[in-house]
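Heads up, the thing below is written out as structure tokens.
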Amino acid sequence: MVQIRLTNTRTRRKEDLVPIDPQNVRLYLCGPTVYDRAHLGNARPVLVFDVLVRLLNHIYGADHVTYVRNFTDVDDKINAEAQRRKTAGSPLSLEALINERTAETIGWYHADMDALGAMRPDHEPRATQYITQMIAMNADLIAKGHAYEAEGHVLFDVRSFPDYGKLSGRSVDDMIAGARVEVAPFKRDPMDFVLWKPSSGDLPGWDSPWGRGRPGWHIECSAMSAALLGPHFDIHGGGLDLQFPHHENEIAQSCCAHPGEGFANIWLHNEMLQVEGKKMSKSLGNFFTVRDLLDKGIAGEVIRLVFLETHYRKPMDWSEERRQSAERRLSKWANIRRNALPKDHRPFDKADIDDQVIEALANDLNTHAALTRLYEMERAAKDAGRDQDIEPVMRFFATLDFLGFTKLDIHQQQRSNSVSEAVSDVLDNGSLVESLLTARAEARKARDFARADAIRDGFAAAGVDVKDTAAGPEWSLATGFDAGRLAELARNFGA
RNA sequence: GGUGGGUUGGCGGAGAGGUUACGCACCGGAUUGCAAAUCCGUGAAGACCGGUUCGAUUCCGGUACCCACCUCCA
């Protein structure tokens, strides 16, 4: 069996993954707070874990892996948006508006992550479904002397947990020295954090031993991971920005509530995303969502490929150049599939997946090394395709399929979203393009190359890709397709 | 100020104390009416300073620069 090695943030070393129970490998990823569309950076931990889960499924069997990713649907930003809608004149209750907001955001999130080829987790718990468990956990922490009540709040007492700060390599004293936060007067220690806070009447709240209130930010992950994976599980992950305070606080809560259990064995943190070499931020104007890219006609698998080209523990840059490079690569794969993979090929089997790709991934999810191996396989598949040898082709596409590259269609989004239905109808029966191709073929036959080239250039200007193959011309829509120019082209050449 | 990470050819990016990483782009050639696609091939590197070594991009020390977190942003 292939040994998976992962860099554990907790120990800062690459370690063997030794499952607590190989019959049930358990992992938890901190999911989104569902107040708005997922931005591009949100996609990174999802894709990192997607690759990890695919690898675990391959090695341990999909029935022996449990993947949990939560939705945090209690949050001040959600409340703010609901209140904004209420103020704007919505007749719905604030509670209904909150539900409306979180439901639509979860729907968007699913659609966007699906487009990236990310598999859905086994469980996607929502914080609001686990309020009871959070209240119980808070009560338990108070009973064990790790938390205290003050002015309607429940606070975690960081001084009661000697390991506080270990994950992120900080001492409580250092953090206090550099803290820039206002310290609430009722805290025993400035670093104490909120487990429960009171809610006023116009905010969502639940009855608790400490009055009507709502949970603090970190407790939901401790409660949900314990409920679905138990107090001791294998892997816990998220973006590097969650290392402190979120994960540090989770560890404090969970370890104090379940002493001796150990919580997560391995902590995995992905580095941050940059855009054209700069931090993505609203103020720099380079902030965008996954949906923004999809709507521009960039295929989800293009985004996926760009992400997999960078190791998860390095800062990743999203750039126009990398986007183009990934599109070219996917187009090549699509060409090879069309030319070399029989339509009636047998189903891909686990045995078809390349061992070297698995080994690369097992080595701390070295996706870039896996892709490098894939380029070798691409070459073999191309050569084999010419010789009518199916096996290297099968292995190549089975491995691509395993890595989540199944559509290999960089124009799919364009066809499904951006093109208006009327134009889409025309294109679906292909009348305009087909008749123009015929006109060009006739011109070439008559050796009227000026006319033939004019049509070809017209296609390019209208955003239609045309390739002449041995089997005749093939066409597809490119990014920037312009139906008007295509119609004009058809008029000019009498097609 | 505290903590952690990084600096490899135009771009992305890896392993290894000594042998071409690889991919993209570029350039040259083949093919094509011209393109595209495809095929063949060349060139190009490891922030800076010192140390260890027969030999370092790879180990050690220092310097510079960059990034992130310490602010309920993955």
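Quick note: numbers below take in every heavy atom, side chains included, and nothing from hydrogens, waters or symmetry partners. Chain naming here is simple, since letters A, B, ... match the order of the sequence lines and numbering starts at 1 in each.
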Is any side-chain heavy atom of A:Thr438 less than 4.5 Å from a side-chain heavy atom of A:Glu442? yes
With syn defined as a glycosidic torsion within 90 degrees of 0 and anti otherwise, which applies to B:G46? syn
Of A:Phe449 and A:Arg313, whose nearest nucleotide on RNA chain B comes first from the 5' end? A:Arg313
Per [X] side chain, nearest of listed nucleotides [options]:
X        : options             : result
A:Arg12  : B:G5, B:C69, B:A14  : B:G5
A:Asp241 : B:A37, B:G12, B:C69 : B:C69
A:Asn366 : B:G33, B:A14, B:A25 : B:A14

Quick check: any donor-acceptor pair below 3.5 Å linking the side-chain of [X] to the base of [N]?
X        : N     : answer
A:Arg322 : B:C24 : no
A:His39  : B:A74 : yes
A:Asp317 : B:G12 : no

Looking for any heavy atom pair under 4.0 Å, which part of the strands does A:Leu273 touch: base, sugar-phosphate only, or nothing? base
Would you mind classifying the nucleic acid contact of A:Lys197 as base, sugar-phosphate or nothing, using non-hydrogen atoms under 4.0 angstrom? base
Does [X] have a side-chain nitrogen or oxygen under 4.0 Å from the phosphate oxygens OP1 or OP2 of [N]?
X        : N     : answer
A:Lys314 : B:A14 : yes
A:Arg444 : B:U32 : no
A:Ser325 : B:C11 : no

Hunt down the Watson-Crick or G-U wobble partner of B:A64, both distances under 3.5 Å, from any strand shown, or write none. B:U7
For the residue pair A:His247 and A:His269, is the inter-centroid distance of their aromatic rings smaller than 6.0 Å? yes
Kindly say whether the aromatic ring centers of A:Phe71 and A:Tyr109 come within a distance under 6.0 Å. yes
